[in-house]
Each structure stands twice: as C-alpha cells, then as structure tokens.
Number of protein chains: 2
Amino acid sequence: MEGSAKRPRTRIQSEKRDVILDAALDIFSANGFRGSTVDQIAEAAGMSKPNLLYYFRGKEDIHESLIKQLLDTWLAPLREMDEQGDPMTEIRSYIRRKLEMARDFPRESRLFANEILQGAPRTMPILEEELKPLVDEKAAVIRDWSRAGRIAKVDPWHLIFSIWATTQHYADFDVQVRTVLGPDRGGDGRFEDAARFLEQLYLDGLRVRN
Amino acid sequence: MEGSAKRPRTRIQSEKRDVILDAALDIFSANGFRGSTVDQIAEAAGMSKPNLLYYFRGKEDIHESLIKQLLDTWLAPLREMDEQGDPMTEIRSYIRRKLEMARDFPRESRLFANEILQGAPRTMPILEEELKPLVDEKAAVIRDWSRAGRIAKVDPWHLIFSIWATTQHYADFDVQVRTVLGPDRGGDGRFEDAARFLEQLYLDGLRVRN
DNA sequence: CTAACGTTTGTCCATTCGGTCAAATTTCAA
DNA sequence: TTGAAATTTGACCGAATGGACAAACGTTAG
C-alpha cells in the first residue's frame, strides 16, 4: 500500500531512463509524436524496443515524461522576472534568457511547438494549470510597471506573446532562418545578431514616450 | 508527346481536386504530414480512399500540391512591400496584412509551420529558390531605408523574422494564446489587441532616434 | 555457490496505413 | 438511345507500427 512509487530505484534504471528520454527528445522534436516510432527511439538510445518498453509503459508515457520535465525548464526564465527589479532590465534579461534557451535547447522548443501546433492534445491541462496562472501573474507585474510610467503603455499579454514568438522562432524555424540567411550570415553569429536586433526593438519600442 | 499535362480537364476533376485539397488542408494542418492518414482526408472530403487516389497519385502528391499553392499566397504580403512607399507605412501595412493572414488562413500557417518544424523535408528547394531571393530583395530595400535615415538602423533580416514570428504566432500557437488569454480576453478581439500592440512596438521600435 | 531479482532480447501479434485492382456505376457526346 | 470514357467503390495486399511475452542472460545478496 505504498501508493504509486514509480520512480527508478536501481542505478541502471535511473541511467537508462535518462538515456531514453534524451534519445526520445531527439526523435520527437524532429518528427513530432505521430511521426516518431518506438523503434527509432530505441535505436537512438542504443537498445532494443522491448528493452525500452521495460523502462517506460509505452510511447505516450515517454512523451508525457518529456513534456512534464520540459515545462519547468521552459518557464524558468519567466519565473525569474522580478517585480522589484528595473523594468527595462528585467524585460531585456527575459528576452536574452529566452533567446539563449532557443539557442541551447532547440529540441525542447521544437517538442513544445509540435505539441501546441497539434492543438496541445496531451498538454492542455498543464497549460491551464501552470502556464496561464504564471503568465497572469507576470502580466500583472508588467501592467503595474506600465501604469507607473516605467515602461510604455502596452498590452502585457501580447508583449509576452511577442517575446515568446520572436525568440522561439530561432529554434522552431531554424531551417528557414538558416536558409534565408545563407551560409555567411546564417552561421553561429545569427544569435548575436538576433539578440542585438531584439534588444533594440524592445528597448525603443517600450521606452516611455514623452 | 505533349509533355506532362497533369492539370484537371473535366469539370468534376477540377471540383473534386479542390474539395480534396481543402479537406487535406484541414487534416494536414491539424495533424502534420505523418500524423494524417489518407482515410481521414478522404472522409473529410466526403469520398472513399480509392476515389481520392483517382485524383491524386498519393499522399505526398496532395501535400506537394498544397505547399506549392500555399507559398504564393503566403509570400504575397511581402511582395507587396513597395520600395517607393513611405517606409513606416509600408512596414505597418506588411504587419497588418500578415496578421490578417494569421487570422483568416490559420490552416495555411500551421501547414507551413509543421513543414518547417520537421526540417522542411519536402519544401527546402522552394525555400531556397523562392523564399530566399524574395527576402534578400526586400531586406535590401529595408537596408536602404535604414541607411537613408528613414527608419532606425536595424538588421533587415531579423526585422523580417520578427514580423513573421509575431504574426504567425497567433495562428500557429492559437491554442496556447487562447488558453493564456482566457475566455474574456481570448475572444475574437485578440487580433485587434495584437494589432494594436504590434503597431506600437514596431512604430516606436523603428522610429529614428534623435 | 546459488537462488532471487533485475535486465535484455527474439519472436510474435493485431492494427493501421498507403496503395492497387477489377468490377460496378455514372456521365455525356454523338 | 447508346457506347465509350470518366468516376466510384469493395475487397485486398504488403509494410510498418505499438506492444506483449516468455525465455535467456546478468547481477548480487546471503
């Protein structure tokens, strides 16, 4: 009667679960849920399919674990936005952190994008219970900054959306971005260029006009 | 020896192809390529699978037709951006048109997003041959505006990316947007709110600073 | 050493999916 | 009206896929 203690117990279980989740992130983010096969994941994880299914109940189980693990990391930058800090500094830091995540964790971004694009069939509850409250809270903070005249008067929700969109774009639409920029401008420097552009756009776009 | 004249000939062929493409747009945009089945498309189109395959060679063929048909519509707003016009007016119009497309043609946006997310396996040639040249051309226009001091000095490519990202976000991440905004703010008015926010952001963000 | 437990895999199964085919039905020009 | 061409469909096929299972293999505590 010890509830449902499903966490890994042995050393091997813990290690193998991590290997599987990493492999699954590769596959799911590149092919979407339905476009990915358990065989692909197993091969990427360096084990047989039945072996993989020894550690996870099934394909959905793996995906669910990934999504749950993802959202904490994903929302961290927004959580860090500090009501007590300087508004422009806080917003600039938020943009920079989100852009760094697009650069350093593109797989996570694409996994999430895939899920939302398909109508969030497996993620809707988390959006309502975790994402919405957090955004509401931070939107209120931005609204207060706005009312206090510390940044321009803008719609906080759409400001947040625009920051999500512009930063995640570099992960989700990476192929397009690199194709359009070409070999020269599309190298590693594209993230610095993007950072410069976005900083300027939001710095001037949110500055209080006199 | 009349080449490969594959266009529909009879009235029925023309009509049925349209019906199929519309149904396929529903299914593909909602489930992605691999997540969609020919049976689903056939049912949505109100016909049997073999009947559908009488009009198209196969699943890939339908998808290819959709993508080709899509890109013309999709790039039209950027094509309309006029070098001779007033820079701020042109950019504002471009943003408005892109946002209207996100509102009126969300299926097209999601179809495209799905394709790019998966690494554009079926679209890469079109990106290189159609999209890149067009963006290069318009980026040069914006760069000239920028150099002439008619808008702020910004990276033209990343400006275009940010406009794509912010506008398409309302189609591609619609579920998330509506969930976060909630029933009140997430109604039909969300596009007007977005338009107001984006106009202000880019108006001030691109204004020449003195 | 060895029994018990944890781990791994070959094999198999039911279902789904993209696609084929021949036969049946409908359309339409002469 | 009529017959040839266009259209539609039920039945079927091979491959892919998610998953089950029992047997085999490893590990380790006593």
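Just so it is clear, the structure is predicted and the values come from calculations on it, not from any experiment. Order of the sequence lines fixes the chain letters, A, B, ..., with proteins taken first and strands second; residue numbering starts at 1 for each chain.
- Considering CG of B/Leu131 and CD1 of B/Ile116, their distance stands at 8.0 Å, rounded to 0.5 Å.
- Between the CD atom of B/Gln13 and the P atom of C/dT27 there is a distance of 15 Å, given to the nearest Å.
- In summary, contact between chain B and DNA chain D, defined as any nucleotide atom under 4.0 Å from a heavy atom of the protein, begins and ends at D/dA6 to D/dT17 in the 5' to 3' direction.
- Taking the ring centre of A/Phe33 as origin, the terminal cationic atom of A/Arg122 falls inside the region bounded by 6.0 Å and 45° from the ring axis.
- Of the listed nucleotides (C/dT9, C/dC21, C/dT8), C/dC21 has the atom at the smallest distance from the side chain of B/Pro50.
- A donor and an acceptor atom, one from each side chain of A/Trp157 and A/Asp136, are located under 3.5 Å apart.
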side-chain contact (heavy atoms from CB on, under 4.5 Å) assessment of B/Leu99 paired with B/Tyr170: CA-CA 8 Å; B/Leu99 196 56; B/Tyr170 290 95; 3.9 Å; yes

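- One atom, CG of B/Asn31, and another, P of C/dC17, lie 11 Å apart when rounded to the nearest Å.
- Between atom CE of residue B/Met101 and atom CZ of residue B/Arg96 there is a gap of 14.0 Å, rounded to the nearest 0.5 Å.
- In summary, the side chains of A/Asp155 and B/Gln200 do not present any donor paired with an acceptor at a separation below 3.5 Å, with no hydrogens or angles considered.
- Across C/dT20, C/dC17, C/dT7, the shortest atom-to-atom separation from the side chain of B/Thr37 is found for C/dC17.
- B/Lys49 places its NZ atom 6 Å from the C1' atom of C/dC17, with the value rounded to the nearest Å.
- B/Phe56 comes within 4.0 angstrom of no nucleic acid atom, judged by non-hydrogen atoms across all strands.
- If you measure from atom CD1 of B/Ile41 to atom P of C/dC17, you get 12 Å, rounded to the nearest angstrom.
- A sub-4.0 Å separation between OP1 or OP2 of C/dT8 and a side-chain N or O of A/Lys16 is present.
- Atom CD of B/Gln40 is separated from atom C1' of C/dC17 by 11 Å (rounded to the nearest Å).
- Atom pair B/Glu64:CD and C/dG18:P shows a separation of 17 Å (rounding to whole Å applied).
- Inspection of the A/Glu115 and A/Thr123 side chains reveals an N or O donor paired with an N or O acceptor under 3.5 Å.
- As a whole-Å value, the separation of A/Tyr54 OH from C/dC5 P is 12 Å.
- Atoms CD (B/Glu43) and P (C/dG18) sit 14 Å apart, rounded to a whole Å.
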